[in-house]
A.B. asks: 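The structure's right below; bear with me while I get my questions together.
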Amino acid sequence: MAWTRVTVIEDDAEIRECLSASLRKMKYDVHAVSRGADGLSHAAAAAPGGVIVLDLGLPDIDGLDVLKMLRATVNTPVLVSSARDDDSHIVRALNLGADDYVVKPFSAEHLDARIRAVLRRSGGRHQESVYHVGGLSIDMEAHTAVLDGRELEMRPKEFRLLAYLARHAGRVVSKDELLNEIWDDAFGASEKTIDVHLSWLRRRLGETAAEPRYLHSVRGVGVKIAAPAA
Ligand code: CA
């Protein structure tokens with residue numbers, strides 16, 4: 001199963017959260033931010049691939065400037081979203097290299113269709129979909145994790161947790177971030193839920209919290225994945 005990465009840059013909290021939740025249900029790997037600057041730093045830090053959905057009216061940087069900067073640095077397809085009365089913006093966005101646009105309000109199903117179309121057209125710039133951390137490789141397309149040549153059996157949430165940590169390898173990821181990215185708060189997940197999944201993951205990886213190899217908990221902060229020292 002392919003989990004296409006979608007970066008949503010949208011300052012309207014209601015739209016951002018609603019869209020993120022709907023896209024996650026459609027099995028997209030969603031990263032949502034409210035500011036243009038955060039979108040740019042995420043696009044620069046993340047492995048290439050996926051799609052960016054960019055709101056043109058942002059509080060910190062004009063969406064068209066964000067688009068220009070994205071076009072200068074990454075070749076991830078960009079779908080701009082805009083309010084109906086922003087026609088001139090849309091034309092300028094397309095001229096600046098946007099791959100498509102959606103007019104607000106739009107449904108998640110509509111966006112899903114546009115994302116698929118954009119990905120089909122940009123098939124040539126296909127994403128890097130395998131992440132490596134030490135002896136661990138995580139294939140986002142095939143939805144498999146292999147440790148030292150052995151495929152790990154994993155539940156979907158465990159896979160998403162591992163894949164998310166691997167995409168941000170070396171960085172401590174907070175439990176709040178994991179709750180936002182992997183669990184929809186609506187389903188009543190808590191930090192305890194994450195702890196339980198981490199302990200399952202540790203077992204799959206053949207390690208314990210007391211003697212970590214890949215998964216390192218940082219008390220009060222979160223967890224990071226890193227290659228074992230030796
Ligand atoms: Ca806006």
Side-chain angles (χ1 to χ4, degrees), residues 1-9 20 23-33 39-53 70-71 73-79 99 112 115-174 177-178 180-183 194 197-207 212-217 222-230:
M1 187 198 309
W3 290 63
T4 302
R5 184 145 23 92
V6 180
T7 304
V8 175
I9 308 174
S20 300
L23 288 173
R24 284 193 185 110
K25 286 200 187 97
M26 294 172 177
K27 307 250 186 289
Y28 285 100
D29 181 10
V30 181
H31 183 88
V33 297
L40 285 169
S41 56
H42 177 73
V51 176
I52 296 168
V53 179
L70 284 171
R71 274 295 74 103
T73 51
V74 297
N75 62 9
T76 309
V78 178
L79 258 155
D99 293 82
D112 175 42
I115 289 173
R116 287 166 193 269
V118 160
L119 286 174
R120 272 198 303 276
R121 291 201 298 271
S122 69
R125 350 169 229 184
H126 207 62
Q127 63 250 51
E128 176 60 59
S129 68
V130 184
Y131 296 89
H132 300 279
V133 182
L136 189 61
S137 2
I138 292 131
D139 188 326
M140 300 295 287
E141 296 283 321
H143 219 250
T144 54
V146 173
L147 175 63
D148 300 328
R150 183 175 55 90
E151 185 172 338
L152 302 174
E153 239 181 81
M154 220 170 263
R155 298 189 188 94
K157 276 283 196 280
E158 293 168 30
F159 180 83
R160 288 195 64 190
L161 177 59
L162 182 65
Y164 190 82
L165 291 172
R167 248 177 57 207
H168 301 91
R171 165 161 91 71
V172 181
V173 178
S174 73
E177 182 175 342
L178 291 173
N180 270 323
E181 296 290 338
I182 299 175
W183 282 271
I194 295 177
H197 280 78
L198 282 173
S199 75
W200 287 338
L201 260 190
R202 287 201 168 92
R203 205 173 309 159
R204 308 247 187 233
L205 296 170
E207 63 182 62
R213 292 180 68 232
Y214 285 93
L215 295 176
H216 301 265
S217 289
V223 62
K224 78 170 176 186
I225 195 166

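Computation of the quantities below employed the complete heavy-atom set of this structure, encompassing side-chain atoms and omitting hydrogens, waters and symmetry-equivalent molecules.
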A.B. asks: Give the intermediate values and the outcome of side chain to side chain contact (heavy atoms under 4.5 Å, CB included) for residues Thr76 and Thr7.
C.D. replies: CA-CA 10 Å; Thr76 309; Thr7 304; over 6 Å; no
A.B. asks: From Arg213 CZ over to Arg202 CZ, what is the distance, rounded to the nearest 0.5 angstrom?
C.D. replies: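 Atom-to-atom, Arg213:CZ and Arg202:CZ are 13.0 Å apart.
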A.B. asks: When you measure from the side chain of Glu151 to the backbone of Thr144, do you find a donor-acceptor pair of N or O atoms at a distance under 3.5 Å?
C.D. replies: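 Looks like no, no N/O pair under 3.5 Å.
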A.B. asks: Just so I know, are the side chains of Leu215 and Glu207 near enough to count as touching, which here means a heavy-atom distance under 4.5 Å?
C.D. replies: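 A side-chain contact exists here, since the closest heavy-atom pair is under 4.5 Å.
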A.B. asks: How many angstroms lie between CD in Glu158 and CZ in Arg204, if you round to the nearest 0.5 Å?
C.D. replies: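 Between atom CD of Glu158 and atom CZ of Arg204 there are 4.0 Å.
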A.B. asks: Looking only at non-hydrogen atoms, find the nearest pair between Trp200 and Arg155 and report the distance.
C.D. replies: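 Closest pair (atom of Trp200, atom of Arg155, distance): CE3-NH1, 3.3 Å.
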A.B. asks: Quick one: are Tyr28 and Asp112 in side-chain contact, heavy atoms under 4.5 Å?
C.D. replies: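 Of all side-chain heavy-atom pairs linking Asp112 with Tyr28, at least one is under 4.5 Å.
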A.B. asks: Indicate the ring-plane relationship of His31 and His42, choosing parallel, tilted or perpendicular according to the 30° and 60° boundaries.
C.D. replies: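 Aromatic pair His31/His42 classed parallel.
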A.B. asks: Do the non-hydrogen side-chain atoms of Ile194 and Trp183 ever get within less than 4.5 Å of each other?
C.D. replies: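 Answer yes - side chains close enough.
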A.B. asks: Are the charged groups of Asp99 and Arg71 less than 4.0 angstrom apart, N to O?
C.D. replies: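 Answer for the salt bridge query: yes.
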A.B. asks: Between Tyr131 (side chain only) and His168 (backbone N and O only), is there a donor and an acceptor less than 3.5 Å apart?
C.D. replies: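 Pair absent, no side-chain N/O of Tyr131 close to backbone of His168.
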A.B. asks: Closest approach of Arg24 and Val30, non-hydrogen atoms and distance?
C.D. replies: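 It is NH2-O, 3.2 Å.
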A.B. asks: Should His216 and Val172 count as side-chain neighbours, where that means a heavy-atom distance under 4.5 Å?
C.D. replies: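 No, every pair of side-chain atoms sits at 4.5 Å or beyond.
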A.B. asks: Apply side chain to side chain contact (heavy atoms under 4.5 Å, CB included) to the pair Phe159 and Leu152, showing each step before the final yes or no.
C.D. replies: CA-CA 9 Å; Phe159 180 83; Leu152 302 174; over 6 Å; no
A.B. asks: Is it true that Glu181 and Arg167 make a salt bridge, defined as a side-chain N closer than 4.0 Å to a carboxylate O?
C.D. replies: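 Salt bridge flag = no for Arg167 with Glu181.
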A.B. asks: Within a strict 4.5 Å, meaning less than it, do heavy atoms of the Val8 and Leu23 side chains meet?
C.D. replies: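 Yes, close enough: below the 4.5 Å cut-off.
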A.B. asks: State, to 0.1 Å, how close Ile52 and Ala43 come at their nearest heavy-atom pair, and which atoms those are.
C.D. replies: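 Looks like CD1-CB, 4.2 Å.
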A.B. asks: Report, as yes or no, whether the 6.0 Å neighbourhood of atom CZ on Arg116 holds more than 12 heavy atoms from other residues, nucleotides or ligands.
C.D. replies: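 No, the 6.0 Å shell around CZ holds no more than 12 heavy atoms from other groups.
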A.B. asks: Atom OH in Tyr214, atom CG in Leu162: separation rounded to 0.5 Å?
C.D. replies: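 Interatomic distance, Tyr214 OH to Leu162 CG, rounded to 0.5 Å: 10.5 Å.
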A.B. asks: Give me the atom names and distance for the closest heavy-atom approach of Gly50 to Pro77.
C.D. replies: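 Distance-wise, the nearest heavy atoms are O-CD, 3.3 Å.
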A.B. asks: Assess the residue pair Ile225 and Leu136 against the criterion (side chain to side chain contact (heavy atoms under 4.5 Å, CB included)); give the C-alpha distance rounded to whole Å, side-chain angles, the decisive distance to 0.1 Å, and a yes or no.
C.D. replies: CA-CA 11 Å; Ile225 195 166; Leu136 189 61; 3.8 Å; yes
A.B. asks: Report the residues that fulfil side chain to side chain contact (heavy atoms under 4.5 Å, CB included) with Val223, sequence neighbours left out, ordered by chain and then residue number.
C.D. replies: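 So Val223 forms a side chain to side chain contact (heavy atoms under 4.5 Å, CB included) with Leu165, Leu178, Leu198, Ser217.
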A.B. asks: Under the criterion side chain to side chain contact (heavy atoms under 4.5 Å, CB included), I'd like the reasoning laid out for Arg171 against Lys224: C-alpha separation, chi angles, the key distance, then a yes or no.
C.D. replies: CA-CA 6 Å; Arg171 165 161 91 71; Lys224 78 170 176 186; 5.8 Å; no
A.B. asks: Taking C-beta and beyond as the side chain, do Val146 and Asp139 meet within less than 4.5 Å on heavy atoms?
C.D. replies: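 They are not in contact (no side-chain heavy atoms under 4.5 Å apart), so the answer is no.
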A.B. asks: Shortest non-hydrogen contact from Val133 to Ala227?
C.D. replies: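 Looks like CG1-N, 3.5 Å.
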A.B. asks: Nearest 0.5 Å, what's the CD1-CG distance between Ile9 and Leu79?
C.D. replies: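 Atom-to-atom, Ile9:CD1 and Leu79:CG are 11.5 Å apart.
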